[in-house]
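Following: one structure in structure tokens, then a few remarks.
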Amino acid sequence: MRINERVVQLNDKETNTKGRYVLYWMQMFKRASHNHALIWAIRKANELKLPLVVYEGLKYYYPWASDRLHTFILEGVEEKRKEFEKLGIRYIFYLQRDKGSPKNTVARLAKDAALIVTDDFPCFIIPGHNRRISERADIPVHAVDSNGIVPMSKFDKEEYAAYTIRPKIKKLLPNYLKPFVEESVEIDSLKLEVDCPETTVTDKTIASLVAECDIDHSVKASNVYHGGTASGRKRLKKFVEEILPDYDKARSKPDRDGSSRLSSYLHFGFLSPLEVASKIQDADAPQESKDAYLEELIVRRELSYNMTRHNPKYDSLEALPAWVHKTMREHASDKRQFVYTPEQLEAGDTHDELWNACQREMVETGEMHNYVRMLWGKNVIGWSRSYEEAFETLVHLNNKYCLDGRNPNSYAGILWCFGKHDRPWMERDVFGTIRYMTSGSTGKKFDSKKYIAWTNDL
Ligand SMILES: Cc1cc2nc3c(=O)[nH]c(=O)nc-3n(C[C@H](O)[C@H](O)[C@H](O)COP(=O)(O)OP(=O)(O)OC[C@H]3O[C@@H](n4cnc5c(N)ncnc54)[C@H](O)[C@@H]3O)c2cc1C
């Protein structure tokens, strides 16, 4: 049942009149400000004259759980504890290390709660979490959309491409691109007793906590990107002051620090797109650069969220339009000039130095430069035994190594390499009418030797 443009009630249970608190289960919007889910939880707590408890858990068994992802998430915990303390809100963080650790913590917390508020994120494991808790808990579960600037509910079907969603966003934007108004709780909950295990996290304990978890320890924490809202804001400040003025040109130069590198902060919700967009709007930079950036941050990003919200097949080639299926059928058995196994690709062991460099950047740092991501994806299509194998390899590598993986942009970005949100181009072998790219021509548009050398030193 839809309550408003950002909030849906996922079940039809009654509020527990004996509940001692309102529970906000924070899953994806890992921040204490600019968060519509938090605001909704505060409002519900105040209406019910109850304190608010914020719960954030990190389990060991989600797909691709690794030192890299765990570290990035844990780096944002201590600062949230401090922020919530200032707000008079009890914040509980719990790290479930392995199968011997206590489980079902949300269900346990729900027993004493009047109502649950949680994050409405349209892909990966979150829709399943929300479905299960709304069935299991005996209280209402409200899922709140704080993903983008325009609420996802403003688009009631899947958009075909950027050109179809852009005019709609442009029309709606003045209603949403305005200062976020924070609210506060009326009842302090800092001393509230709750039935839930809790993990204390400090900068000094992160490495040992991660080492104790039953996760993939082969994907190391990033030395380049550090989690948390403070780190995200530091990067945002640098981007706005030093890089944005030239973004229009610099973003297509992987050999330069020329894009925002904020996608991991946006993915984990350490930063809200509204906060980022507001800083861009107010920046002292040429309008072309601001427009170019807002096109990516708003139009392209919200198109991806729209796709995962409305297309249940977003994690497969089935999400592609009919013209792509037709051309893939016609070219499925074309001879591939080079064929690499998923293992060779993962090892960055191909004949193509630029491609290997992209792969190396991702494996070593946890991100790949925006400009070469499409080239990376297109080549895997050309070098895999089938389109299906190419898709699976891309999703696996992207989600395993990228901090910003497992996001609507991950699925839309990979599908874009196969023609999603694009149009047919000139026909050729293997790709059919799917747009084609080569390292040779792409590598001439920037100093690819410098980029390759940089990744060799990582
Ligand atoms: C094969 C492939 C895989 C991708 N995987 C991911 C992924 O896992 N996670 C992810 O966030 N993005 C992904 N993208 C989209 C895009 O490449 C990244 O968002 C971008 O590289 C992030 O770098 P940045 O923050 O410096 O971008 P900037 O150029 O600074 O752009 C600002 C913000 O706009 C958004 N954005 C930029 N480009 C796109 C785009 N093409 N589509 C949607 N939103 C965009 C991002 O949130 C980004 O942080 C993928 C693209 C491709 C082609």
Side-chain angles (χ1 to χ4, degrees), residues 28 64 69 121 123-124 147-149 159 161-162 165-166 169 224-225 232 235-236 238-240 243-244 246-254 256-277 279-280 285 289-308 314-315 345 355 358-359 361-362 365-381 390-391 393-422 434-435 437 442:
M28 287 310 294
W64 299 291
L69 305 183
F121 182 75
C123 75
F124 195 48
N147 295 291
I149 295 176
E159 293 290 335
I165 202 171
R166 188 179 295 110
I169 289 183
V224 180
Y225 304 101
R235 175 65 196 177
L236 174 60
K238 182 177 163 73
F239 175 67
V240 167
I243 304 168
L244 179 67
D246 198 26
Y247 174 78
D248 196 21
K249 298 184 195 74
R251 66 183 171 144
S252 53
K253 308 279 178 226
R256 282 180 58 185
D257 185 15
S259 70
S260 72
R261 300 287 193 172
L262 288 177
S263 53
S264 305
Y265 299 97
L266 290 162
H267 168 66
F268 284 107
F270 289 134
L271 287 182
S272 113
L274 179 58
E275 179 178 358
V276 176
K279 291 276 189 269
I280 302 299
S289 285
K290 293 188 192 186
D291 290 345
Y293 188 79
L294 293 176
E295 163 75 15
E296 302 296 331
L297 178 74
I298 308 177
V299 176
R300 298 281 164 178
R301 187 171 176 276
E302 298 195 4
L303 177 64
S304 305
Y305 280 72
N306 166 270
M307 196 259 305
T308 46
Y314 70 81
D315 190 10
L345 294 168
W355 191 92
C358 304
Q359 174 71 12
E361 182 190 0
M362 177 177 75
T365 71
E367 260 194 38
M368 188 189 300
H369 192 279
N370 196 348
Y371 191 67
V372 286
R373 268 183 150 165
M374 197 193 297
L375 175 74
W376 174 76
K378 294 273 184 194
N379 275 331
V380 173
I381 300 176
F391 182 79
T393 305
L394 286 167
V395 170
H396 175 67
L397 295 179
N398 190 89
N399 287 353
K400 178 173 174 181
Y401 291 107
C402 288
L403 286 162
D404 63 9
R406 306 152 312 282
N407 182 269
N409 285 350
S410 321
Y411 299 99
I414 290 165
L415 286 168
W416 161 263
C417 297
F418 288 85
K420 183 80 182 171
H421 297 151
D422 202 2
I434 300 169
R435 187 200 295 245
M437 270 174 111
T442 308

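Counting starts at 1 for both ligands and their atoms, in listed order. FYI, the numbering just counts along the sequence from 1. Hydrogens, waters and symmetry mates play no part in the numbers below; they use all other heavy atoms, side chains included.
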[X] near ligand 1 by a heavy-atom separation under 4.0 Å:
| X | answer |
| --- | --- |
| Tyr293 | yes |
| Tyr371 | no |
| Cys402 | no |
| Gly377 | no |

If you count the atoms of ligand 1 from 1 in the order shown, which ones are under 4.0 Å from a heavy atom of [X]?
| X | answer |
| --- | --- |
| Met374 | 53 (C) |
| Asn398 | 3 (C), 4 (C), 5 (N), 7 (C), 8 (O) |
| Arg301 | 43 (C), 44 (N), 47 (O) |
| Ser260 | 24 (P), 25 (O), 26 (O), 28 (P), 30 (O), 32 (C) |
| Arg261 | 24 (P), 25 (O), 26 (O) |
| Cys417 | 1 (C) |
| Ser304 | 43 (C) |
| Gly405 | 8 (O) |

**Request:** Kindly indicate, with the supporting measurements, whether the criterion salt bridge (charged side-chain N to carboxylate O under 4.0 Å, His left out) is fulfilled by Arg261 and Glu361.
**Result:** CA-CA 13 Å; Arg261 300 287 193 172; Glu361 182 190 0; 3.0 Å; yes
**Asked** Under a 4.0 Å N-O cut-off, is there an ion pair linking Asp246 with Arg256?
**Response** yes
Proximity winner for [atom], if only heavy atoms of [options] are counted:
| atom | options | answer |
| --- | --- | --- |
| atom 41 (N) of ligand 1 | His267, Glu296, Arg373 | Glu296 |
| atom 44 (N) of ligand 1 | Leu415, Asn409, Leu403 | Asn409 |
| atom 16 (C) of ligand 1 | Asn370, Leu375, Val299 | Asn370 |
| atom 40 (C) of ligand 1 | Lys378, Arg235, Arg251, Arg300 | Arg300 |

**Asked** According to the interplanar angle, ranging from 0 to 90°, do the rings of Phe418 and Phe391 count as parallel (below 30°), tilted (30 to 60°) or perpendicular (above 60°)?
**Response** perpendicular
Below 3.5 Å, N or O to N or O, backbone or side chain included: is there any such pair between [X] and ligand 1?
| X | result |
| --- | --- |
| Trp416 | no |
| Tyr247 | yes |
| Asp404 | yes |

**Message:** Measuring centre to centre across the rings, with the benzene-like ring taken for any Trp, is Phe239 within less than 6.0 Å of Tyr293?
**Reply:** yes
Exam field: side chain [X] to backbone [Y], donor-acceptor pair closer than 3.5 Å:
| X | Y | answer |
| --- | --- | --- |
| Lys378 | Arg435 | yes |
| Glu367 | Met362 | no |
| Ser259 | Arg251 | no |
| His267 | Gly405 | yes |
| Glu159 | Asn306 | no |

**Fill in**
Result for side chain to side chain donor-acceptor pair (under 3.5 Å) between Ser263 and one of Asn409, Asn370, Asp404 points to Asp404
**Prompt:** Where is the nearest protein heavy atom to atom 48 (C) of ligand 1: which residue, which atom, and how far?
**Reply:** Ser263 CB, 4.2 Å
**Message:** Quick test: of every protein heavy atom, which one is nearest to atom 2 (C) of ligand 1, and how far off is it to 0.1 Å?
**Reply:** Gly413 C, 3.7 Å
**Approximate separation, where rounding is to 0.5 Å, of Ser260 OG and Tyr247 OH** = 6.5 Å
**Item:** Spatial distance of atom CG (Leu294) from atom CD1 (Ile280) [nearest 0.5 Å]
**Value:** 6.5 Å
**Request:** Please lay out, stage by stage, how Glu295 and Arg300 fare under the test salt bridge (charged side-chain N to carboxylate O under 4.0 Å, His left out).
**Result:** CA-CA 6 Å; Glu295 163 75 15; Arg300 298 281 164 178; 3.5 Å; yes
**Item:** Side chain, backbone, both or neither: Ala412 near ligand 1, heavy atoms under 4.0 Å
**Value:** neither
